[in-house]
Visitor: 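The structure under discussion is supplied below as C-alpha coordinates; questions concerning it will follow.
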Amino acid sequence: QVQLVESGGGSVQAGGSLRLSCSASGYLASYFMGWFRQAPGTEREAVAAIYPRGNPRYYAGSVSGRFTISRDASDNTLYLQMNNLKPEDTAMYYCAAGRSPSRWSAPHDYTYWGQGTQVTVSS
(Lines give C-alpha, C1' and ligand atoms only; values in the text may rest on other atoms or scores of the structure.)
Protein backbone atom coordinates (compact mmCIF):
# COMPACT_ATOMS: atom_id res chain seq x y z
CA GLN A 1 0.00 0.00 0.00
CA VAL A 2 1.28 3.44 -0.95
CA GLN A 3 0.37 6.61 0.91
CA LEU A 4 1.12 10.05 -0.49
CA VAL A 5 1.26 13.31 1.46
CA GLU A 6 1.62 16.67 -0.27
CA SER A 7 3.06 19.82 1.29
CA GLY A 8 4.41 23.19 0.25
CA GLY A 9 1.25 24.92 -0.89
CA GLY A 10 0.40 28.43 0.14
CA SER A 11 -0.56 31.91 -1.00
CA VAL A 12 1.71 33.95 -3.24
CA GLN A 13 1.48 36.92 -5.52
CA ALA A 14 1.63 36.58 -9.28
CA GLY A 15 5.19 36.06 -10.43
CA GLY A 16 6.16 34.26 -7.25
CA SER A 17 7.36 30.71 -6.74
CA LEU A 18 6.41 27.68 -4.69
CA ARG A 19 7.87 24.23 -4.37
CA LEU A 20 5.47 21.39 -3.72
CA SER A 21 6.61 18.12 -2.19
CA CYS A 22 4.96 14.73 -2.12
CA SER A 23 6.30 12.32 0.46
CA ALA A 24 5.51 8.67 0.05
CA SER A 25 5.35 5.68 2.29
CA GLY A 26 6.11 2.56 0.37
CA TYR A 27 8.59 1.93 -2.37
CA LEU A 28 7.94 4.24 -5.32
CA ALA A 29 11.00 3.76 -7.48
CA SER A 30 9.06 1.70 -10.02
CA TYR A 31 6.01 3.99 -10.14
CA PHE A 32 5.11 6.56 -12.74
CA MET A 33 4.21 9.76 -10.83
CA GLY A 34 2.31 12.88 -11.62
CA TRP A 35 0.92 16.17 -10.36
CA PHE A 36 -2.68 17.15 -10.99
CA ARG A 37 -4.70 20.17 -9.99
CA GLN A 38 -8.34 21.02 -9.58
CA ALA A 39 -9.97 24.39 -9.18
CA PRO A 40 -13.52 24.72 -7.81
CA GLY A 41 -16.09 23.85 -10.43
CA THR A 42 -13.58 22.35 -12.83
CA GLU A 43 -12.35 18.87 -13.66
CA ARG A 44 -9.05 17.58 -12.36
CA GLU A 45 -6.33 18.33 -14.89
CA ALA A 46 -2.86 16.95 -15.37
CA VAL A 47 0.02 19.29 -14.68
CA ALA A 48 3.16 17.16 -15.05
CA ALA A 49 4.35 13.58 -14.89
CA ILE A 50 7.64 11.74 -14.64
CA TYR A 51 8.82 8.23 -15.44
CA PRO A 52 10.32 5.98 -12.72
CA ARG A 53 13.91 6.68 -13.75
CA GLY A 54 13.37 10.42 -13.99
CA ASN A 55 12.87 10.69 -17.72
CA PRO A 56 10.96 11.36 -19.80
CA ARG A 57 8.88 14.09 -18.22
CA TYR A 58 5.61 15.52 -19.45
CA TYR A 59 4.03 18.93 -18.91
CA ALA A 60 0.72 20.55 -19.66
CA GLY A 61 1.08 23.34 -22.17
CA SER A 62 -0.14 25.89 -19.65
CA VAL A 63 2.78 25.23 -17.28
CA SER A 64 5.57 24.25 -19.67
CA GLY A 65 8.61 26.44 -19.10
CA ARG A 66 7.39 27.54 -15.66
CA PHE A 67 7.00 24.28 -13.71
CA THR A 68 9.54 21.51 -13.21
CA ILE A 69 8.76 18.03 -11.95
CA SER A 70 11.46 15.96 -10.30
CA ARG A 71 11.83 13.00 -7.99
CA ASP A 72 14.34 11.91 -5.41
CA ALA A 73 14.55 8.16 -5.09
CA SER A 74 16.75 8.39 -1.99
CA ASP A 75 13.96 9.88 0.12
CA ASN A 76 10.97 8.71 -1.89
CA THR A 77 9.81 12.22 -2.67
CA LEU A 78 8.24 13.89 -5.68
CA TYR A 79 8.63 17.62 -6.26
CA LEU A 80 7.00 20.32 -8.35
CA GLN A 81 8.92 23.58 -8.65
CA MET A 82 6.52 26.29 -9.75
CA ASN A 83 7.91 29.60 -10.98
CA ASN A 84 6.28 32.70 -12.42
CA LEU A 85 2.96 31.70 -10.90
CA LYS A 86 -0.22 33.14 -12.37
CA PRO A 87 -3.69 33.59 -10.84
CA GLU A 88 -4.97 30.84 -13.14
CA ASP A 89 -2.62 28.41 -11.37
CA THR A 90 -4.81 28.68 -8.26
CA ALA A 91 -6.09 25.20 -7.41
CA MET A 92 -5.75 22.24 -5.12
CA TYR A 93 -2.68 20.29 -6.21
CA TYR A 94 -2.51 16.50 -5.92
CA CYS A 95 0.28 14.03 -6.45
CA ALA A 96 -0.48 10.60 -7.82
CA ALA A 97 1.31 7.34 -8.53
CA GLY A 98 0.59 4.56 -10.95
CA ARG A 99 2.27 1.51 -12.42
CA SER A 100 1.89 2.09 -16.13
CA PRO A 101 -0.68 4.66 -17.17
CA SER A 102 -1.78 4.50 -20.78
CA ARG A 103 -1.84 8.29 -20.89
CA TRP A 104 0.20 10.42 -18.49
CA SER A 105 -2.62 12.95 -18.28
CA ALA A 106 -5.45 10.54 -17.44
CA PRO A 107 -6.37 10.64 -13.73
CA HIS A 108 -8.07 7.25 -13.84
CA ASP A 109 -4.77 5.63 -14.84
CA TYR A 110 -3.23 6.50 -11.48
CA THR A 111 -3.78 4.21 -8.52
CA TYR A 112 -2.68 6.22 -5.49
CA TRP A 113 -3.53 9.82 -4.61
CA GLY A 114 -2.62 12.28 -1.90
CA GLN A 115 -5.07 14.56 -0.11
CA GLY A 116 -3.88 17.69 -1.88
CA THR A 117 -2.25 21.00 -1.00
CA GLN A 118 -3.83 24.36 -1.82
CA VAL A 119 -2.06 26.89 -4.02
CA THR A 120 -3.50 30.39 -4.25
CA VAL A 121 -2.00 33.03 -6.53
CA SER A 122 -3.21 36.61 -6.24
CA SER A 123 -2.86 39.25 -8.92
Side-chain angles (χ1 to χ4, degrees):
Q1 185 72 16
V2 173
Q3 291 185 328
L4 305 175
V5 179
E6 302 94 337
S7 62
S11 297
V12 296
Q13 290 190 327
S17 298
L18 285 173
R19 189 191 195 200
L20 305 184
S21 299
C22 174
S23 297
S25 63
Y27 185 67
L28 285 183
S30 61
Y31 281 80
F32 191 96
M33 298 196 72
W35 287 99
F36 290 76
R37 66 186 182 187
Q38 188 169 20
T42 68
E43 294 187 354
R44 190 166 296 190
E45 65 169 343
V47 175
I50 186 168
Y51 264 76
R53 294 187 180 275
N55 285 295
R57 310 180 193 194
Y58 301 95
Y59 296 95
S62 60
V63 307
S64 182
R66 300 188 297 123
F67 290 11
T68 302
I69 188 172
S70 61
R71 63 192 299 167
D72 187 336
S74 65
D75 63 3
N76 235 16
T77 303
L78 178 72
Y79 299 98
L80 184 69
Q81 177 66 44
M82 305 186 296
N83 298 328
N84 191 22
L85 283 160
K86 303 176 180 180
E88 51 263 43
D89 295 319
T90 296
M92 184 72 78
Y93 283 71
Y94 301 88
C95 69
R99 282 293 190 182
S100 56
S102 58
R103 290 181 299 143
W104 74 271
S105 58
H108 62 263
D109 281 349
Y110 291 77
T111 305
Y112 303 105
W113 291 85
Q115 294 299 306
T117 185
Q118 178 68 37
V119 172
T120 303
V121 185
S122 59
S123 58

Visitor: Would R37 and V119 count as a side chain to side chain contact (heavy atoms under 4.5 Å, CB included) here? Give the steps.
Guide: CA-CA 9 Å; R37 66 186 182 187; V119 172; over 6 Å; no

Visitor: Nearest heavy-atom pair of A39 and A91: which atoms, and what distance?
Guide: N-CB, 3.9 Å

Visitor: Just checking, R44 and W113: is the charged tip under 6.0 Å from the six-membered ring centre and within 45° of the axis?
Guide: yes

Visitor: Quick one: closest heavy-atom pair of A60 and A46, and the distance?
Guide: CB-O, 3.5 Å

Visitor: I need the minimum non-hydrogen distance between Y110 and A96, along with the two atoms involved.
Guide: CD2-CB, 3.6 Å

Visitor: Verify the neighbour count for atom CD of Q3: are there more than 12 heavy atoms of other residues, nucleotides or ligands below 6.0 Å?
Guide: no

Visitor: Could you tell me the separation between the CG atom of N84 and the CZ atom of R66, rounded to the nearest 0.5 Å?
Guide: 6.0 Å

Visitor: With a 4.5 Å heavy-atom cut-off, do W35 and E6 have their side chains touching?
Guide: yes

Visitor: Evaluate the criterion side chain to side chain contact (heavy atoms under 4.5 Å, CB included) for residue pair I50 and W104; output intermediate values, then yes/no.
Guide: CA-CA 8 Å; I50 186 168; W104 74 271; over 6 Å; no

Visitor: Rounded to the nearest 0.5 Å, how far does CZ of R71 lie from OG1 of T77?
Guide: 10.5 Å

Visitor: Side-chain contact, heavy-atom cut-off 4.5 Å: R103 with H108?
Guide: yes

Visitor: Mind listing the closest non-hydrogen atom pair of Y31 and V2 along with its distance?
Guide: OH-CG2, 4.0 Å

Visitor: Report the relative orientation of the aromatic rings in Y51 and Y58; use parallel for angles under 30°, tilted for 30 to 60°, perpendicular for over 60°.
Guide: tilted

Visitor: Would you say T90's side chain and V121's backbone share a donor-acceptor pair under 3.5 angstrom?
Guide: yes

Visitor: Looking at Q118, I'd like to know if its CD atom is crowded, meaning that more than 12 non-hydrogen atoms belonging to other residues, nucleotides or ligands lie closer than 6.0 Å.
Guide: yes

Visitor: With side chains defined as the heavy atoms from C-beta onward, is the minimum distance between C95 and L78 less than 4.5 Å?
Guide: yes

Visitor: Do you reckon M92 sits in the same ILVMFWY cluster as F67, going by side-chain contacts under 4.5 Å, direct or chained?
Guide: no

Visitor: Given side chain to side chain contact (heavy atoms under 4.5 Å, CB included), test F32 with D109 step by step and report yes or no.
Guide: CA-CA 10 Å; F32 191 96; D109 281 349; over 6 Å; no

Visitor: To the nearest 0.5 Å, what is the distance between CE (M82) and OH (Y93)?
Guide: 5.5 Å

Visitor: Is any side-chain heavy atom of Y79 closer than 4.5 Å to one of T68?
Guide: no

Visitor: Hey, can you pull the donor-acceptor pairs under 3.5 Å for the side chains in residues 11-23, sequence neighbours left out?
Guide:
| unit_1 | atom_1 | unit_2 | atom_2 | d |
| --- | --- | --- | --- | --- |
| S17 | OG | N83 | OD1 | 3.0 |

Visitor: Minimum heavy-atom separation for G114 to Y94, with atom names?
Guide: O-CD2, 3.6 Å

Visitor: Do the side chains of L80 and V47 get nearer than 4.5 Å, heavy atoms only?
Guide: yes

Visitor: Looking only at heavy atoms, which two atoms of S105 and F36 are closest? And how far apart?
Guide: O-CE2, 3.7 Å

Visitor: If we count only N and O atoms by modelled type, under 3.5 Å, do the side chains of S30 and R99 hold a donor and an acceptor together?
Guide: yes

